[in-house]
Enquirer: 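Okay, handing you the structure first.
Please read these numbers as outputs of a predicted model, since none were measured by experiment.
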Amino acid sequence: MKTIDELLSEGVAGKRVFVRADLNVPLDGTAITDDGRIRAVLPTVKALADAGARVVVASHLGRPKGAPDPAFSLAPAATRLGELLGADVAFATDTVGESASSTVAELADGQVAVVENLRFNAGETSKDDAERGAFADQLAALADVYVGDGFGAVHRKHASVFDLPARLPHYAGYLIATEVGVLRKLTDDVKRPYVVALGGAKVSDKLAVIDQLLGKADRILIGGGMAYTFLKAKGYEIGSSLVQEDQIPVVQEYLERAEKSGVELVLPVDTLVADEFPDMKAKTPGNPENVAADAIPAGKMGLDIGPETRKLYASKLADAATVFWNGPMGVFEHPDYAEGTKAVAQALLDSPGFTVVGGGDSAAAVRTLGFDEQAFGHISTGGGASLEYLEGKTLPGLAALED
């Protein structure tokens, strides 16, 4: 895999460089609530612009249905990118149409443009190779060189991620190079004890990675909504907590495998419960009650790990040489149910080992809860991509960058 440093050494002045970024930022109307993904691609964009390239940045945002939708416009991301660069960033109101063509044609050396949301075009996400390829041909007409730096999308077989690199000289940007280097530390030469903390709502989202980790990790800590399926699988009363009944047999098998293989699979010992899911807009008090994790009262739902579990998980992370965390421990967006996620984040900071926050809601929680991002070993920009890499899958966007 060639990197951007090799491209820069070859010279890029005057060349049109297509940067596939991940600007899929959360929006409240047109206001960006977390610009972490934009900041993550800054080193690549700035290095290219400083070297005299004519930089064309492209990304998806949200899940529009293959047609323009103002709610998913990249205009706010383009504005924020310009603010962070300290330079004007042009914005094309389409992706491969007249606006994109003229905007790119008018770029001078060292200037940057953002084209509109790639997913406004059906060819970007099409499962038909020919339709996807045709769109990739249109994108290729905008550039001389391709730089892949949207790690959060590399697990997608999309036109701008998979098909376009085959049509242009291609290189990995700084972000992708960093992400791959970090993930190799979690798979190839892991320092032990290796502890994994997994949370989030659905156990089904994590089954494949748990399957792989049962042969690699020393300890796996389970929290979030997915924990209640594990508790139910052990025969515990879970009240009205979130549960995936169809996954219970698989979870039971994993519990047995963990015991036989000597992997510590650690479940909550207490949990915060309430009568109903909290009001996330008003943030009204949820009146949480702490109960034993094996005896949740009927009609009560679990919403966060309890204080004893926080202490337990912190102790299991205290001596870790390598830590991977993906998924919050509770409904961290509500102040009544944020303490579990805070405790795990703090335990990562206190750990002497190499700590990786696996993107998605975990990365959002770090920023939302006020932690110093620089204090962690690495915060990934791609939760889904990180998990699929750890599952051992071939990621289309990475495969496309290999020579």
Side-chain angles (χ1 to χ4, degrees), residues 22 24-26 34 36-37 39-40 149-156 175-188 190-191 193-214 216-227 265-266 305 313 316-317 320-330 332-333 340-349 351 353-369 371-393 395 397-398:
D22 180 7
N24 186 27
V25 292
D34 182 353
R37 285 176 170 164
R39 288 185 284 111
D149 214 29
F151 181 74
V154 294
H155 58 314
R156 306 296 188 192
L175 175 60
I176 278 186
T178 298
E179 294 272 13
V180 170
V182 166
L183 289 170
R184 283 177 178 159
K185 290 184 180 181
L186 300 178
T187 54
D188 296 342
V190 183
K191 294 183 178 179
Y194 178 21
V195 186
V196 176
L198 296 175
K202 294 183 178 179
V203 68
S204 55
D205 292 342
K206 304 292 195 304
L207 285 179
V209 75
I210 294 172
D211 183 47
Q212 289 292 315
L213 290 169
L214 282 173
K216 296 175 181 175
D218 297 297
R219 298 175 201 136
I220 303 173
L221 317 180
I222 303 293
M226 62 183 284
L265 206 161
V266 189
I305 58 174
Y313 286 9
K316 296 296 183 182
L317 289 161
T322 305
V323 181
F324 175 72
W325 169 35
N326 180 278
M329 295 292 109
F332 74 92
E333 300 92 341
T341 302
K342 281 183 184 178
V344 167
Q346 186 61 53
L348 262 70
L349 292 182
S351 169
F354 179 62
T355 56
V356 179
V357 179
D361 286 341
S362 309
V366 165
R367 289 187 276 269
T368 300
L369 299 175
F371 288 94
D372 178 7
E373 295 177 59
Q374 303 304 315
F376 296 87
H378 178 71
I379 297 181
S380 178
T381 56
S386 296
L387 287 176
E388 291 198 16
Y389 189 100
L390 294 182
E391 289 166 20
K393 291 184 178 179
L395 305 188
L398 296 185

Enquirer: Sub-3.5 Å donor-acceptor pair from the side chain of Asp218 to the main-chain atoms of Tyr194, do we have one?
Expert: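 Side chain of Asp218 to backbone of Tyr194, a donor-acceptor pair under 3.5 Å: yes, one is there.
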
Enquirer: Drop me the distance from Ile222's CD1 to Ile305's CD1, to the nearest 0.5 angstrom.
Expert: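 If I round to the nearest 0.5 Å, the distance is 11.5 Å.
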
Enquirer: Among Asp205, Val209, Val203, which residue meets the side chain to side chain contact (heavy atoms under 4.5 Å, CB included) test with Leu198?
Expert: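 Of the listed residues Asp205, Val209, Val203, the side chain to side chain contact (heavy atoms under 4.5 Å, CB included) partner of Leu198 is Val209.
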
Enquirer: Would you mind reporting whether Leu186 and Leu183 have side-chain heavy atoms less than 4.5 Å apart?
Expert: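 Sidechains of Leu186 and Leu183: in contact.
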
Enquirer: Of the non-hydrogen atoms in Ala364 and Asp34, which two are nearest, and what is the gap between them?
Expert: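 Scanning both residues completely, I find the closest heavy atoms to be CA-OD2, 4.1 Å.
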
Enquirer: When you measure from the side chain of Arg37 to the backbone of Asn24, do you find a donor-acceptor pair of N or O atoms at a distance under 3.5 Å?
Expert: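 Yes; judged by distance alone, with no hydrogens or angles, the pair exists.
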
Enquirer: List the atom of Val323, the atom of Ser351, and the distance in Å for their closest heavy-atom pair.
Expert: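 Looks like CG2-OG, 4.0 Å.
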
Enquirer: Nearest 0.5 Å, what's the CG-CG distance between Leu317 and Leu221?
Expert: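 It comes to 5.0 Å.
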
Enquirer: Of all heavy-atom pairs between Lys191 and Thr322, which one has the smallest distance, and what is that distance?
Expert: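 Scanning both residues, the minimum pair turns out to be O-OG1, 2.7 Å.
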
Enquirer: Report the distance from atom CZ of Phe151 to atom OH of Tyr389, rounding to the nearest 0.5 Å.
Expert: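 Interatomic distance, Phe151 CZ to Tyr389 OH, rounded to 0.5 Å: 8.5 Å.
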
Enquirer: What is the distance from atom CG of Leu398 to atom CD of Glu179, rounded to the nearest 0.5 Å?
Expert: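 One gets 10.0 Å once the value is rounded to the nearest 0.5 Å.
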
Enquirer: Can you tell if the side chain of Thr341 reaches within under 4.5 Å of the side chain of Trp325, non-hydrogen atoms only?
Expert: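 Touching, per the 4.5 Å side-chain cut-off.
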
Enquirer: Locate the shortest heavy-atom distance separating Asn326 from Lys206; write the atom from each residue and the value.
Expert: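 So the two residues come closest at OD1-CE, 2.9 Å.
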
Enquirer: Any side-chain heavy atom of Val182 sitting closer than 4.5 Å to one from Phe324?
Expert: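 Not touching, per the 4.5 Å side-chain cut-off.
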
Enquirer: Tell me the closest heavy-atom pair linking Gly377 and Thr355, and the distance in Å.
Expert: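 Minimum heavy-atom contact is N-OG1, 2.9 Å.
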
Enquirer: Do Leu214 and Ile220 have side-chain heavy atoms sitting under 4.5 Å apart?
Expert: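 Leu214 reaches Ile220 side chain to side chain.
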
Enquirer: Determine the minimum heavy-atom distance between Ser362 and Val357, stating which atoms define it.
Expert: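 The pair with the smallest heavy-atom distance is CB-CG1, 3.6 Å.
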
Enquirer: How many angstroms lie between CD1 in Ile210 and CE in Met226, if you round to the nearest 0.5 Å?
Expert: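 Nearest 0.5 Å value for the CD1-CE distance: 4.0 Å.
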
Enquirer: Measure the shortest side-chain to side-chain distance between Leu390 and Thr187 over non-hydrogen atoms and say whether it is less than 4.5 angstrom.
Expert: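 The answer is yes, as the side chains (C-beta and beyond) meet within the 4.5 Å cut-off.
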
Enquirer: If you define the side chain from C-beta out and look only at heavy atoms, does anything of Glu333 sit under 4.5 Å from Thr368?
Expert: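 Not touching, per the 4.5 Å side-chain cut-off.
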
Enquirer: Under the side-chain contact (heavy atoms from CB on, under 4.5 Å) criterion, do His155 and Glu391 qualify, and how do the steps go?
Expert: CA-CA 12 Å; His155 58 314; Glu391 289 166 20; over 6 Å; no

Enquirer: Nearest 0.5 Å, what's the CZ-CG distance between Arg156 and Leu395?
Expert: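 Taking CZ in Arg156 and CG in Leu395, the distance rounds to 10.5 Å.
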
